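Single-structure report; data block below.
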Amino acid sequence: MTVVTDVVCPLCGSVCDDIEVEVEENKITKVIKGACAVGKSKLQGHERIKSPMIRVNGVLKECSYDEAIKKAAELLAKARRPLLYGWSSTVCEADKVGIALAEEIGGVVDNTASVCHGPSVLAIQDVGIPCCTLGQIKNRADLVIYWGSNPANAHMNHMKRYSYISKGYFLPGGKKDKKLAVVDVRETSTSKMAELFAQIEPGKDFLLFSAVRAVLMGYEDIVPDEVGGIPKEKIVTLANMIKESRFFITFFGMGVTQSRCRQNNIVNAIQTTRAGHLHTKGAIMPMRGHYNVNGFNQVCTWETGYPFAVDFSRGFAWYNPGETASTDLLGRGECDVALIIASDPASHFPADAVKHLARIPVIIIDPYHNPTTEFADIVIPSAICGIEAEGSVYRMDNVPIRVRKVVNTDYMSDEEIVERILEEVRAIKEKEGE
Ligand code: SF4
């Protein structure tokens, strides 16, 4: 038995990197410390896809990696409007090759930000963002605000490692030195711990940000008696908590990005943070979900100039979410072949998009079965990044972290699979050119 330290959890955007595990006979047998319950479950693994498969007469039949990769390349090379979607639960190295593949075949490349924090990305492009690292938050933030997010259930180590419960250099007493405020549409495990909980009516976040911003800017008199179901008194209390803090942080989740007003909510949230700067220091940060959803946006921006939903059909990178996002393409029934990697759109996309996906040839690359594999035509199992393959990922605060390879595997990595598909596509095109 070997103890491996500094293992990185490849699950959520917190990217906890101080995990200790026991490895016996090339298997993680125990998570000693550092991981939350869901992180432990991911690290210890569950039922895997055993072999590559191709659907023949409606039934998935096992095949070799070579056969699956060749067939996938043939489908993609002849596609007229291919979509390459996912990329958030794999490493930046695979993302980079995926973007090259999209360019080669004139496809659309998009990641899961499209259906989670895409509005945050659009807002940041509009007005910028006062941000910082999670380390700064741990050491300095004496007021933590979670708005439309519930880390106690969704990012279980977040408060303990980086925010309300963590002990910091300037806040040695941990939560004794800090205040917690929560804005959400319902009571949650996080809101139960908060000093101030504002239970907002669904879809009213924009109004509440405006009201807090008005108070911070000295216009308390124009705020009505109630905004989004929150009494004025509570709004003034929240604004005063911000004014009196030495450093505040607002973490916002999909409760804000995917409700009415979408990116405009985030623009307003960012401007509210700036209004707080009239009184004190503070920052704002999206609670990114998948461990490398942020990494794809980084890599895609280096490679194409745009963070997601990039369309290469014109022969150059074209970006217009609302037209070029995966759900737009599928909703319009345009896409004729889809490569899905490290994600499960069948569980998360709108019904009309999933229906179209089920009608066209789908190639999926993933370590595990999920609802998308149920109708996929080519299934290619891959090594689990952070456990069986190494690579670079970006934490929710834009800090790059190297995930480790802890055990050996016969599965190919995502990067190798996509690289092989790209080589095959280039060979097919070269042959066609002759
Ligand atoms: S908080 Fe997220 S990254 Fe950390 S152990 Fe849990 S699932 Fe993994």
Side-chain angles (χ1 to χ4, degrees), residues 3-23 28-46 87-92 112-113 116-117 133-135 137-138 141 144 146 148-168 174-175 180 182 188-190 193 249 251-254 285-298 342-344 347-348 366-368 370 383-407:
V3 173
V4 184
T5 58
D6 302 321
V7 174
V8 181
C9 173
L11 188 54
C12 86
S14 301
V15 195
C16 301
D17 58 356
D18 59 351
I19 295 165
E20 275 184 33
V21 300
E22 276 180 16
V23 176
I28 296 178
T29 47
K30 189 176 172 191
V31 179
I32 303 168
K33 65 172 191 175
C36 70
V38 283
K40 270 184 194 164
S41 154
K42 170 95 191 241
L43 287 161
Q44 290 186 294
H46 52 90
W87 310 105
S88 301
S89 289
T90 185
V91 292
C92 293
T112 57
C116 61
H117 275 283
T133 65
L134 289 168
I137 293 162
K138 171 184 171 166
V144 178
Y146 284 103
S149 73
N150 176 19
N153 291 120
H155 297 73
M156 289 185 190
N157 272 357
H158 195 267
M159 285 193 282
K160 194 170 79 183
R161 281 176 63 86
Y162 308 118
S163 73
Y164 179 53
I165 304 175
S166 65
K167 290 183 179 167
K175 67 178 178 181
L180 175 68
V182 171
T188 63
S189 311
T190 311
M193 300 163 71
I249 175 72
F251 291 109
F252 62 95
M254 283 172 60
M285 191 178 295
M287 292 288 282
R288 304 304 299 264
H290 300 283
Y291 68 92
N292 198 32
V293 58
N294 189 9
F296 177 86
N297 299 140
Q298 300 273 355
S343 67
D344 177 21
S347 301
H348 302 110
D366 205 287
Y368 304 107
N370 62 40
I384 307 167
C385 301
I387 298 173
E388 299 165 341
E390 62 175 358
S392 306
V393 306
Y394 277 76
R395 207 167 60 181
M396 63 170 69
D397 57 347
N398 302 314
V399 169
I401 291 177
R402 189 87 185 152
V403 299
R404 301 185 63 178
K405 175 177 174 169
V406 183
V407 296

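What you are looking at is a predicted structure, and each value in this text was computed from that prediction instead of being measured. Whatever order the structure lists them in is the order used to number ligands and atoms, beginning at 1.
- Listed by chain and number, the protein N, O or S atoms at a distance under 2.8 Å from atom 4 (Fe) of ligand 1 are C16 SG.
- Here the two rings, on F296 and H290, have centers that are 6.0 Å apart or farther.
- Panel note: side chain H117, backbone M287; a donor-acceptor pair is recorded below 3.5 Å.
- Nearest heavy-atom pair across L43 and I387 is CA-CD1, 3.7 Å.
- Judged purely by atom type and a 3.5 angstrom limit, K42 uses its side chain to pair as donor or acceptor with the backbone of P10.
- In this structure, NE2 on H155 lies 10.0 Å from SG on C36, to the nearest 0.5 angstrom.
- Within the structure, salt bridge (Lys or Arg N to Asp or Glu O under 4.0 Å) contacts touching residues 4-23 (residues at least two apart or in different chains) are D17-R161, D18-R161, E20-K33.
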